[in-house]
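Have a look at the structure below, then the notes.
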Amino acid sequence: MDEKKRNQERLSLYRKVEAITQIPWYVLAAVDQYERNVRRVRKDIPKEVGLIGIYIPPEKWAGPSNPHYDDQSPVSIQIFGGMGKDGNGDGKADRTNDEDVLYTFADYLSSYGIDLENIKIALWDYYQRDKTVGIIIGHIKIYKHFGHLNLFEHAFPVPLKANYSYRSTWGDARGWGGRRIHEGTDIFASYGVPVRATCYGIVEMKGWNRYGGWRIGIRDINNTYHYFAHLNGFSKDLHVGQIVKPGQLIGSVGSSGYGPPGTAGKFPPHLHYGMYKDNGRTEWSFDPYPHLRLWERQERQKSMK
C-alpha cells in the first residue's frame, strides 16, 4: 500500500475517533506523525507495524502494578490504573490494534479538555519535554492549515534557473568559534538570489546569530529542522509561527554572520543549508547533500513535464 492510500485510511480513523472524543483530527494526526517519526529513528522502541504510529509502553497501557503487561481486559486494566481502552467495541483493549491505540490516546487527551491549551497540558504531562510539546503543536498547526496529510513534497532551496553551485561539505572541519564540524551544505550563489522553503512546515526561528548571520529555522512534519543561514534578508512579513510550503520565498542569499548583527562580506555570498533530526530525546545534524541532490533532480524532472 502506498503512502497516500495509507494516509487516506489514517484520516478515516482520525475522523472516526474525533466524532467519539471531540479531539480534532489534526491533533490526533500530529501526535501520530510525531510518534511515527520517533519510532523510525530510535532503536529502544519497536518499529511501527500498523497504520497508527503512537507507541504506548506496556506498563502504561496495562498499568504499572499490573502483573500482566499483555492484559487486554478493559476492566482489569482500569483497576490497575492503565491507559488501555477498547476503541473498536470488541471487548478487548489491544495495544496492537490501531483503533484501540488511537482511541486510548484521544481519551487521555479529552480527560484534560478538548481545547488547545488543555491539550498542551495533557501533552506535557505525557511526554515531560517542552520540545516535544512544541513540535507536536507545530504539527497541529500545519495539518489544520493545509487540511490533509500528504505534505511530503520538497523544493530545492534556490531557483534552478539561478547560477549556483554546491558540493558535499557536511562534516568538514571548522575553526571559527572553536573546533567543530560543518553541519550543512553551502550553496554558492550571487547576492539576492531567492531562498525558498524546502518543505511544508512552520517557522520556528528567525533572527541573528554571530556565526550564521541572518537565519531561519523551519520544522517539517518529519520532526526535521531545516536551517537557512548567512541570508541577505528575509521575505516581507515572514514571522515565527508562520506556515510555509515548498518553494515559498523566505529570504535571499547573502554573506551575513561572524560578528555583531549586520556584519557581512567576510566570505563569498552563499546559503548554508542544514538539516537536524529530533528523536524525542535529542536533536542531531545529518548530511543534507543527498536530499538536496534528490530535490534538485525531482524539480528538474517536474519542470520538463
Side-chain angles (χ1 to χ4, degrees), residues 3 7 10 26-48 52-57 60 105 109 116 119-146 149-155 157 170-171 180-185 197-207 209 211-212 215-229 240-246 250 272-292 294-295:
E3 196 63 16
N7 277 338
R10 286 183 184 118
Y26 45 82
V27 172
L28 302 176
V31 174
D32 187 34
Q33 181 65 21
Y34 171 82
E35 291 248 1
R36 183 175 301 107
N37 295 330
V38 167
R39 293 179 76 168
R40 289 175 178 176
V41 296
R42 287 259 293 271
K43 296 182 179 179
D44 60 326
I45 53 178
K47 303 301 181 186
E48 61 178 302
I52 301 302
I54 296 172
Y55 173 70
I56 301 175
K60 281 191 175 183
F105 203 90
L109 293 177
L116 187 58
I119 287 172
K120 285 181 182 178
I121 295 170
L123 291 172
W124 164 250
D125 285 347
Y126 187 81
Y127 291 105
Q128 299 283 302
R129 182 175 182 248
D130 286 335
K131 188 162 193 174
T132 291
V133 175
I135 291 174
I136 292 175
I137 295 302
H139 290 1
I140 289 172
K141 293 177 180 178
I142 293 168
Y143 282 129
K144 183 179 180 181
H145 178 84
F146 290 106
L149 302 177
N150 296 313
L151 303 173
F152 301 105
E153 293 181 7
H154 291 87
W170 187 86
R180 57 196 175 93
I181 69 165
H182 187 235
E183 296 184 344
T185 293
T198 50
C199 60
Y200 291 98
I202 187 167
V203 178
E204 279 194 359
M205 181 274 297
K206 171 193 170 188
N209 174 275
Y211 303 125
R215 61 202 180 117
I216 296 170
I218 297 172
R219 178 83 57 182
D220 70 16
I221 58 167
N222 294 314
N223 297 7
T224 301
Y225 183 75
H226 302 249
Y227 179 69
F228 306 77
V240 171
Q242 181 174 336
I243 305 296
V244 296
K245 62 183 179 179
I250 58 173
H272 169 96
Y273 179 75
M275 297 177 74
Y276 298 79
K277 179 68 73 176
D278 184 273
N279 69 357
R281 290 179 175 172
T282 187
E283 189 168 70
W284 72 93
S285 166
F286 62 96
D287 188 358
Y289 182 76
H291 300 272
L292 290 169
L294 174 63
W295 302 338

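Keep in mind it's a predicted model, so treat the numbers as computed, not measured. Every heavy atom of this structure was used, including side-chain atoms; hydrogens, water molecules and symmetry mates were not.
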Pair Tyr126 and Phe105, ring centroids less than 6.0 Å apart
yes
Check whether any side-chain heavy atom of Asn279 lies under 4.5 Å from a side-chain heavy atom of Asn37, and answer yes or no.
no
Note, Tyr34 side chain near Ile54 side chain (heavy atom, < 4.5 Å):
no
Test side chain to side chain contact (heavy atoms under 4.5 Å, CB included) on Cys199 and His226; report intermediate values, then the result.
CA-CA 8 Å; Cys199 60; His226 302 249; 3.6 Å; yes
Say you draw a straight line from CE of Met205 to CZ of Arg215; how long is it, rounded to the nearest 0.5 Å?
4.0 Å
Could you pull out the closest heavy-atom pair between Trp284 and Asp278, with the gap in Å?
CZ3-C, 4.4 Å
Working to the nearest 0.5 angstrom, can you tell me the gap between Ile137 CD1 and Leu123 CG?
5.5 Å
Short N-O contact, Arg281 and Asp44, less than 4.0 angstrom:
yes
With a 4.5 Å cut-off on side-chain heavy atoms, are Ile135 and Tyr225 touching?
no
Would you say the side chain of Ile250 lies within less than 4.5 Å of the side chain of Phe228, judging by non-hydrogen atoms?
yes
Does a donor on one side chain and an acceptor on the other come within less than 3.5 Å for Asn7 and Arg10?
yes
Does the structure place the NZ or CZ of Lys141 under 6.0 Å from the centre of the six-membered ring of Phe146, at an angle of no more than 45° from the ring's axis?
no
Stepwise side chain to side chain contact (heavy atoms under 4.5 Å, CB included) test for Ile140 and Leu116:
CA-CA 10 Å; Ile140 289 172; Leu116 187 58; 4.2 Å; yes
Side chain to side chain contact (heavy atoms under 4.5 Å, CB included) between Tyr127 and Val31, worked out
CA-CA 11 Å; Tyr127 291 105; Val31 174; 3.6 Å; yes
Between His154 and Thr198: side-chain donor-acceptor atoms closer than 3.5 Å
no
How about CD on Gln242, more than 12 heavy atoms from neighbouring residues, nucleotides or ligands closer than 6.0 Å, or not?
yes
Let me see the working for Thr185 and His272 under side chain to side chain contact (heavy atoms under 4.5 Å, CB included), right down to the final yes or no.
CA-CA 6 Å; Thr185 293; His272 169 96; over 6 Å; no
Below 4.5 Å, heavy atoms only, C-beta onward: do Ile119 and Ile136 meet side chain to side chain?
no
Consider only side-chain N and O atoms of Tyr276 and Thr224, and report whether a donor and an acceptor are under 3.5 Å apart.
no
Provide the closest heavy-atom pair for Pro288 versus Gly274 in the form atom of the first, atom of the second, distance.
CG-CA, 4.5 Å
Distance in Å, Ile221 CD1 paired with Asn150 CG, rounded so as to fall on 0.5 Å steps:
8.5 Å
Between Trp124 and Thr132, is any pair of side-chain heavy atoms under 4.5 Å apart?
no
Salt bridge flag under 4.0 Å for residues Asp130 and Lys120
no
Counting the benzene-type ring for Trp, do Tyr273 and Tyr227 have ring centres under 6.0 Å apart?
no
Could you check whether Phe286 and His291 have their ring centres less than 6.0 Å apart?
yes
Given side chains that start at C-beta, do those of Asn223 and Val41 come closer than 4.5 Å, heavy atoms only?
no
List the steps, then state whether salt bridge (charged side-chain N to carboxylate O under 4.0 Å, His left out) holds for Glu35 with Arg42.
CA-CA 10 Å; Glu35 291 248 1; Arg42 287 259 293 271; over 6 Å; no
Test salt bridge (charged side-chain N to carboxylate O under 4.0 Å, His left out) on Arg219 and Glu283; report intermediate values, then the result.
CA-CA 12 Å; Arg219 178 83 57 182; Glu283 189 168 70; 2.6 Å; yes
Taking NZ, NE, NH1 and NH2 as the nitrogens, is one of them in Glu48 or Arg39 under 4.0 Å from a carboxylate oxygen of the other?
no
Decide if atom NZ of Lys144 counts as having more than 12 heavy atoms of other residues, nucleotides or ligands within a radius under 6.0 Å.
no
Is there a side-chain contact between Val244 and Ile218 in this structure, where contact means two heavy atoms from C-beta onward sitting under 4.5 Å apart?
yes
